[in-house]
Amino acid sequence: MTDLSSRYGSRQRPRWFWPAIAAIGITLGIAFAAWVGFQKDPVTGRLWGYDVVSDTQVTVKLDVIRPDPIAVTCTVYSQAADHSIVGEKTVDIPPSNREKVRVPIEIETERRGVNGVLRTCVPAD
């Protein structure tokens with residue numbers, strides 16, 4: 001039986017090698033997470049409220065906050081009592097000089113909706 005290290009030789013790394021690699025990886029991960037966390041969102045959408053108008057219509061009110069006057073596309077939907085989606089609408093909101101704009105959106109539903117939900121608000125392409 002032959003010893004492989006005596007036949008091919010061994011290559012030893014210093015004891016600090018893997019802890020140093022781990023420390024560098026953790027530092028880079030924390031720096032990336034901080035960079036992503038402190039990025040300012042170009043658009044913020046908030047659900048201000050909703051109103052069930054009838055068995056086939058729900059009105060959703062959104063607050064759209066954007067520091068720059070850019071066009072925004074928002075998607076909202078309504079759910080029935082069994083949590084199924086009964087209506088959905090995507091609207092384009094034009095640029096505005098005001099930073100905060102309240103927008104009412106009427107959603108046509110296939111049956112009675114019980115709420116209104118904001119899915120997304122993103123800068124328009």
Could you see if [X] belongs to whatever hydrophobic cluster contains [Y]? Use Ile, Leu, Val, Met, Phe, Trp, Tyr and a side-chain cutoff under 4.5 Å.
| X | Y | value |
| --- | --- | --- |
| Val52 | Val114 | no |
| Val43 | Val76 | yes |
| Leu62 | Ile70 | yes |
| Ile107 | Trp48 | no |
| Val117 | Val86 | no |

Exercise. Between the main-chain N or O of Thr75 and the side-chain N or O of Lys89, is there a donor-acceptor pair closer than 3.5 Å?
Worked result: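 It does not hold such a pair.
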Exercise. Okay, side chain of Asn115, backbone of Gln79: is any donor-acceptor separation there less than 3.5 Å?
Worked result: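 Between the backbone of Gln79 and the side chain of Asn115 there is a qualifying donor-acceptor contact (under 3.5 Å).
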For this session: Could you go through the side chain to side chain contact (heavy atoms under 4.5 Å, CB included) check for Cys74 and Ile93 one step at a time?
Result: CA-CA 8 Å; Cys74 292; Ile93 301 166; 3.8 Å; yes
Exercise. Between Thr59 and Asp51, is any side-chain donor less than 3.5 angstrom from a side-chain acceptor?
Worked result: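 No, no side-chain donor-acceptor pair sits under 3.5 Å.
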For this session: Please determine, by modelled atom types, if Arg111 and Ser84 share a side-chain donor-acceptor pair under 3.5 angstrom.
Result: yes
Exercise. Rounded to the nearest 0.5 Å, how far apart are CD1 of Ile105 and OH of Tyr50?
Worked result: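 Reported value, rounded in 0.5 Å steps: 15.5 Å.
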Exercise. Taking atom CZ of Arg102 and atom CD1 of Ile65, what is their separation to the nearest 0.5 Å?
Worked result: 9.5 Å
Exercise. Taking everything shown except Phe17 itself, do over 12 heavy atoms lie less than 6.0 Å from its CZ?
Worked result: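 Result for CZ/Phe17: enclosed.
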For this session: Decide, yes or no, whether a salt bridge links Asp63 with Arg46 under the criterion of side-chain N to carboxylate O below 4.0 Å.
Result: no
Problem set entry | Step-by-step side chain to side chain contact (heavy atoms under 4.5 Å, CB included) determination, Cys121 to Arg66 | CA-CA 10 Å; Cys121 271; Arg66 53 192 165 186; over 6 Å; no
